[in-house]
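A, B, ... follow the sequence lines: proteins, then strands. Residue 1 opens every chain. As the structure is a prediction and not an experimental result, all values here were calculated from the model.
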2 protein chains.
Amino acid sequence: MDGDTRETIRAVALELFSNKGFEQTSLREIAERVGLTKASLYYHYSSKQSLLLAVVEPVITGWRTIVDDTARLEHTPENVRHVVGRCLDVFLRNRSVAGIFQRDAAGVAVVLGELWDDMVGLGKRLVAWFAGPAPTTADRLRAVAAMEVLGAVLSSTTYQDEDEFTEEEMRAVLSQAAMDVLRLSAEPAASGVRRLG
Amino acid sequence: MDGDTRETIRAVALELFSNKGFEQTSLREIAERVGLTKASLYYHYSSKQSLLLAVVEPVITGWRTIVDDTARLEHTPENVRHVVGRCLDVFLRNRSVAGIFQRDAAGVAVVLGELWDDMVGLGKRLVAWFAGPAPTTADRLRAVAAMEVLGAVLSSTTYQDEDEFTEEEMRAVLSQAAMDVLRLSAEPAASGVRRLG
DNA sequence: GTCTATAGATTGATAGAC
DNA sequence: GTCTATCAATCTATAGAC
């Protein structure tokens with residue numbers, strides 16, 4: 001059935017890390033849930049840190065690809081929308097892992113070490129690209145805010161019950177919201193008047 | 001000089017909790033930094049949990065006041081802007097404490113127990129108010145995104161160097177950005193055209 | 001590959017002298 | 001109020017039999 005024990009361990013670790021936090025999850029608990037002893041985990045992963053890496057690294061790689069691609073992309077509204085869409089895709093397809101970074105930054109930063117610094121560097125580069133060429137401080141601040149808007153994909157479960165939003169709706173609404181924050185929206189925001197549902 | 005040892009301990013704990021995370025900070029380290037022994041801390045605080053409470057509780061109280069006040073506030077653009085401003089004020093005046101919640105949610109949630117659930121409840125109420133009466137799912141999603149925009153006050157130091165933004169600029173830019181996300185902005189967003197600096 | 005057993009370190013917390 | 005000394009629990013990680 002479960003041909004790959006190593007993958008089962010990774011899946012259980014992902015679930016526990018994202019629900020309880022990295023430091024709050026012990027190898028004993030992971031082992032119990034998998035149906036092994038603590039010692040057996042060490043046959044598959046050399047340390048708790050390497051287990052976290054296995055959980056987290058694929059997502060970081062995908063993230064790095066997006067940011068690297070922006071280096072060759074001109075900062076046009078269409079391109080910004082495209083990059084925003086790619087970011088949302090990564091978050092949507094890796095909600096659990098991305099949630100670890102969002103809700104447990106303090107816990108994983110120390111363990112990831114330089115890799116964490118790399119990620120922060122990627123975030124800075126993306127924010128800088130969002131801000132556009134020759135940005136004012138207001139532009140840079142809006143770029144930070146736009147990044148936070150994308151993170152709403154992950155926190156929506158905190159503020160709302162269950163899976164209230166579909167993936168398509170999150171993609172549509174949040175990419176529009178990010179463009180609004182960056183003031184690159186094609187459709188101007190309603191001016192003080194609320195449309196009726 | 002330091003008339004109040006208890007307050008010194010609280011200040012050191014706040015600094016360490018917000019920089020390294022709650023679980024990653026040991027009482028030994030706090031004691032060292034204060035210039036006391038671990039045991040002496042227990043004369044002033046009965047547990048590590050109670051120390052966290054002392055650090056965090058005043059901010060939660062201020063937060064609760066804002067949310068409670070919205071119960072008697074009609075959802076008009078002016079009122080929304082007012083509430084957004086009050087939220088930004090709380091974050092700006094308590095950057096360190098608020099940063100603990102943002103970057104170490106996994107670490108403090110377990111320790112705060114019911115108090116954490118209360119805070120999540122407050123967040124949900126505020127998001128619901130931001131979404132307005134009879135909201136669509138898109139309205140609710142934008143309300144979540146607007147909350148995230150306010151959190152940009154705290155993450156701006158992660159994405160940018162040092163204190164690049166003044167408090168006034170953060171207040172102005174981010175409250176406008178939040179209104180844009182909620183589509184309650186008085187000034188419509190530029191339509192695809194970037195103004196030059 | 002999985003197990004039992006244990007090392008080695010750290011932590012939060014307490015007892016009791018001063 | 002602060003100290004020394006210590007407890008009990010928990011954790012990551014390793015050694016070695018099967």
Undergrad: Output all residues satisfying salt bridge (Lys or Arg N to Asp or Glu O under 4.0 Å) with B:Arg125, sequence neighbours left out; order by chain, then residue number.
TA: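 Partners of B:Arg125 under the salt bridge (Lys or Arg N to Asp or Glu O under 4.0 Å) test: B:Asp68.
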Undergrad: Measure NE2/A:His44 against C1'/C:dG1 and give the value in whole Å, please.
TA: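 A:His44 atom NE2 is separated from C:dG1 atom C1' by 6 Å.
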Undergrad: Roughly how many Å is it from CG in A:Leu36 to C1' in C:dG1, rounded to a whole number?
TA: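 After rounding, the gap between these two atoms is 9 Å.
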Undergrad: Please report, rounded to the nearest Å, how far the C1' atom of D:dC11 is from the CD1 atom of A:Ile30.
TA: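 Interatomic distance, CD1 of A:Ile30 to C1' of D:dC11: 12 Å.
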Undergrad: Can you tell if the side chain of A:Leu73 reaches within under 4.5 Å of the side chain of A:Asp69, non-hydrogen atoms only?
TA: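 Side chain of A:Leu73 against side chain of A:Asp69, heavy atoms only: no contact under 4.5 Å found.
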Undergrad: For the hydrophobic clusters of this structure (ILVMFWY residues joined by side-chain heavy atoms under 4.5 Å, transitively), does one cluster hold both B:Ile100 and B:Val120?
TA: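 B:Ile100 and B:Val120: one cluster.
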Undergrad: Quick one: side-chain contact (heavy atoms from CB on, under 4.5 Å) partners of A:Glu167, sequence neighbours excluded?
TA: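 Scan of A:Glu167 (side-chain contact (heavy atoms from CB on, under 4.5 Å), adjacent residues dropped) gives A:Leu92.
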Undergrad: Tell me whether B:Arg6 contacts the main-chain N or O of B:His44 through its side chain, where contact means a donor paired with an acceptor under 3.5 Å.
TA: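 Yes: the side chain of B:Arg6 pairs with the backbone of B:His44.
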Undergrad: Under the salt bridge (charged side-chain N to carboxylate O under 4.0 Å, His left out) rule, what do A:Asp104 and A:Lys20 come out as? Steps first, then yes or no, please.
TA: CA-CA 9 Å; A:Asp104 198 24; A:Lys20 309 186 21 172; over 6 Å; no
Undergrad: Taking OH from A:Tyr45 and P from C:dG1, how many angstroms apart are they, rounded to a whole number?
TA: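 About 13 Å, once rounded to whole Å.
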Undergrad: Can you measure A:Gln24 atom CD to D:dC11 atom C1' for me and round it to whole angstrom units?
TA: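 Taking CD of A:Gln24 and C1' of D:dC11, I get 13 Å after rounding.
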Undergrad: Within less than 4.0 Å of OP1 or OP2 of D:dC3, is there a side-chain N or O belonging to B:Ser40?
TA: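 Answer is yes, contact under 4.0 Å.
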Undergrad: Could you state the atom-to-atom distance from OH of A:Tyr43 to P of D:dA13 in whole Å?
TA: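 Roughly 19 Å, once rounded to whole Å.
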Undergrad: Distance check: side-chain N/O of B:Thr37 vs OP1/OP2 of D:dT2, anything under 4.0 Å?
TA: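 Looking at the OP1 and OP2 atoms of D:dT2, neither is under 4.0 Å from any side-chain N or O of B:Thr37.
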Undergrad: How does protein contact run along nucleotides 11-18 of chain C, one letter per nucleotide 5' to 3', with B for base contact, S for sugar-phosphate only, - for none, heavy atoms under 4.0 Å?
TA: SBBBB---
